[in-house]
Amino acid sequence: MNQLFRRKNYSETDTSTSLLRVLGVWDIVFFGIAAIIGAGSFSSLGEAVFRGGPGVILLYLICGFACGFTALCYAEFASRIPTAGSAYTYAYASFGELIAWVIGWALIMEYSFGNIYVAFSWSDYFTSFLERLGMHIPDYLTCSYTEARKAFQNGSQNKELLSAWNTAPLVGNLKIILDLPALVINGLITWLCYVGVKESKNFNNSLVILKLAVIVLVILVGFSYINTENWTPVNPETHVASFMPNGFAGVMSAVSGVFFAYIGFDALSVLSEETKDPQRTLPKGMIISLVLCTVIYIALTLVLTGMVDYRKFDGIGDPLSFIFEKSNANVAWMELVVSFVAIVAITTVLLVFQMGQPRIWYAMSRDGLMPEKFKTVHPKYKTPSFATVITGIAVGVPILFTDKTFILDFTSIGTIFAFVLVCAGVLMLPAKQKIKGRFHLPYINGKIIFPVIFIGGLIGFYFWQPEFFTNLMDWNDPKEGEFRASILVFIMINLILCVFTFIKNFSLIPLIGLSSCLYLLTGMSHENWFWFGLWFALGLVIYFCYGYQNSNLRKEMTSK
């Protein structure tokens, strides 16, 4: 039992690695922008706007706030542990081996499953761009089998999915339906990650510059078409104009789509061993990229909800080009430009995620928790070659039989959970000596401040929305029942945190990050939690069957 929670000691001065250190501060910033500004803005933003209305801007602020404090916690870990592995490595140092495995398993879900969604989004934009140029790929080669089957069985009005099911060729009784563009881009990105981080860096930086230029263009052109009445639409049931037409529960129901936009920033910490002076470079790069991306997302959301009624975004997978279609702003040249740059933008997200996953496996293999083959480094390219190939396969195979909605929710809950443990992990770290030029997380005693902020905020919310607390125990409501139950659990956990903070003098910054991320989990449904639990049950079986027996830390303990 002791081994399960024994922590691994990492040296702050040991920066040796078999990987190639080529990344500077602005390379990290560009990788951050590449990961954050992509599928979240060019794809999942449409679904988020439809669920939350104009009020979804508040959710971007909440997520940006939570991720900002989480980024500071990541930066603190990065300044102490200059090795690959991200939250997995950090958890090993603060919680011990079992929790480290849980986080590593969550990150496998985040990067691999996240890239499945991103590959689907890339395919959507690629095929729609070709359509605008007059080229058509058969529908049964542009979607997954699962999506087409569900559309047929549920009587969907989606013409492309129904066409795919009805026109697909047969092999025996099996319809041949697959998302060919998604499979091809996954293969190409895997190859690029295989041949080297330097090549990936140069490719990424050039695409990010193009992407940012067009996003600025979208914001500037879009502002001239804004109708401010769209920011306060009338609720058809209550006939009341509101910034949050579906209520705050409606805003929170969009948390998966909004948070998916932010999950890329933690991938930067995976690049520690390929970063020059990581203890200074990584914290700066992570924080700069997060601030820039939050500002961009808020501006984009203002433009989208101001140009088009939020209800029109139902099922829209390409929202930035949608707002310029003939039925909306009718700016044909912008529609074409956005469609092309979306392909570029989403390609950069694929690249960063596909670089992150192999380095998690590399770190876990080096600790003995995964087979030794995963820590193989290519003699020429200096990349984790075997892990990179396996990542390509792990992303490519599920593309054949899964669908976007399931993947989106599944990825977001795993990532938020990882963020929770990173913030909690910082609370467990001992004080360190300040070194000039290196990031140091300021210590602010939360003994009094955190309980005052939380309990005071709770009282303020009660006077603002008294009816919400009146109905807090009514969990049978079909719209808000699950959210109310989740909020009750959230309140109880935070009250416990208030007590421990008063006793232990916990630091305020990681506390706020922890509480913010816990709040984001209240937007997850019971289906999300079910699949999340099933995934972790599988992970624990693998750990106890292989990782526990082969752990280097366990071998050190038994040899003493």
Side-chain angles (χ1 to χ4, degrees), residues 38-39 42-44 46-47 50 109 111-191 256-257 260 313-319 321-322 339 342-343 346-347 349-350 353-354 357 389-412 527 531 534-535:
F42 288 93
S43 185
S44 63
E47 179 66 18
F50 173 70
M109 178 173 67
Y111 295 133
S112 296
F113 283 77
N115 245 8
I116 295 168
Y117 180 87
V118 178
F120 280 135
S121 298
W122 188 93
S123 176
D124 286 344
Y125 270 97
F126 180 73
T127 52
S128 65
F129 178 71
L130 291 183
E131 289 285 350
R132 290 183 174 97
L133 296 179
M135 293 179 275
H136 178 71
I137 301 176
D139 292 323
Y140 56 83
L141 294 179
T142 61
C143 65
S144 72
Y145 180 90
T146 306
E147 283 182 301
R149 179 171 55 83
K150 283 183 178 179
F152 176 76
Q153 292 177 343
N154 298 334
S156 171
Q157 300 300 309
N158 190 306
K159 295 179 181 179
E160 289 78 14
L161 292 177
L162 292 176
S163 172
W165 184 262
N166 293 324
T167 62
L170 290 169
V171 174
N173 293 323
L174 179 65
K175 290 179 178 288
I176 304 301
I177 302 174
L178 54 90
D179 199 325
L180 185 61
L183 290 169
V184 170
I185 191 60
N186 174 61
L188 290 174
I189 292 295
T190 301
W191 170 81
S256 290
F260 187 82
F313 287 94
D314 184 15
I316 299 300
D318 52 349
S321 59
F322 171 71
S339 295
I343 298 170
I346 297 175
T347 302
V349 182
L350 282 164
F353 279 21
Q354 210 83 331
Q357 177 58 77
V389 172
I390 296 300
T391 298
I393 295 171
V395 173
V397 172
I399 286 174
L400 297 171
F401 58 81
T402 190
D403 62 87
K404 292 191 286 289
T405 303
F406 170 76
I407 291 295
L408 180 64
D409 291 340
F410 196 39
T411 303
S412 294
E527 288 93 348
W531 288 106
L534 203 61
W535 174 259

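Nothing fancy with the numbering, it's 1 onward along the sequence.
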Query raised in the report: CD/Glu160 to CD/Glu147 distance, rounded to the nearest 0.5 angstrom?
Result: 11.5 Å
Query raised in the report: Is it the case that more than 12 heavy atoms not belonging to Trp531 sit under 6.0 Å from its CH2 atom?
Result: no
Query raised in the report: Nearest 0.5 Å, what's the CG-CZ distance between Leu130 and Phe126?
Result: 4.0 Å
Query raised in the report: For the atom pair CZ (Phe50) and CZ (Phe313), what is the distance rounded to the nearest 0.5 Å?
Result: 11.5 Å
Requested in this report: Quickly, which of Leu350, Thr347, Ile185 forms a side-chain contact (heavy atoms from CB on, under 4.5 Å) with Val118? Name it, please.
Outcome: Leu350
**Report entry** Side chain to side chain, Trp165 and Ile177, heavy atoms closer than 4.5 Å
**Finding:** yes
Report task. Ignoring hydrogens and angles, tell me if any N or O in the side chain of Ser144 forms a donor-acceptor pair with the backbone of Ile399 under 3.5 Å. Result -> no
Query raised in the report: Looking only at atom types and distance, does a side-chain atom of Asn166 sit under 3.5 Å from a main-chain N or O of Leu162, one as donor and one as acceptor?
Result: yes
Report summary line: For Leu161 and Ala148, the nearest pair of non-hydrogen atoms, with its separation, is O-CB, 3.9 Å
Report task. In sequence, state the C-alpha distance, the side-chain angles, and the governing distance for Phe129 and Ile343, and then conclude on side-chain contact (heavy atoms from CB on, under 4.5 Å). Result -> CA-CA 9 Å; Phe129 178 71; Ile343 298 170; 3.8 Å; yes
Query raised in the report: How far apart are the closest heavy atoms of Ala168 and Lys175, and which atoms are they?
Result: CB-CB, 4.1 Å
Query raised in the report: Which pair of non-hydrogen atoms, one from Ser339 and one from Tyr125, has the smallest distance, and what is that distance?
Result: O-CD2, 4.0 Å
**Report entry** Close side-chain approach of Arg149 and Gln153, heavy atoms under 4.5 Å
**Finding:** yes
Report task. Heavy atoms only: give me the nearest Val389-Thr190 pair and the separation to one decimal. Result -> CA-CG2, 4.3 Å
Query raised in the report: Given side chains that start at C-beta, do those of Leu178 and Tyr140 come closer than 4.5 Å, heavy atoms only?
Result: no
Report summary line: Given the options Asn115, Asn186, Ile346, Trp122 meets side-chain contact (heavy atoms from CB on, under 4.5 Å) only with Ile346
Report summary line: Of all heavy-atom pairs linking Cys143 and Ala164, the shortest is SG-CB, 3.6 Å
**Report entry** Non-hydrogen atoms of Thr142 and Pro181 that approach each other most closely
**Finding:** CA-CD, 4.5 Å
Query - Contact check, side chains of Leu141 and Asp179, non-hydrogen atoms, under 4.5 Å - result: no
Requested in this report: Give, for atom CD of Gln354 and atom CH2 of Trp191, the distance between the pair rounded to the nearest 0.5 Å.
Outcome: 14.0 Å
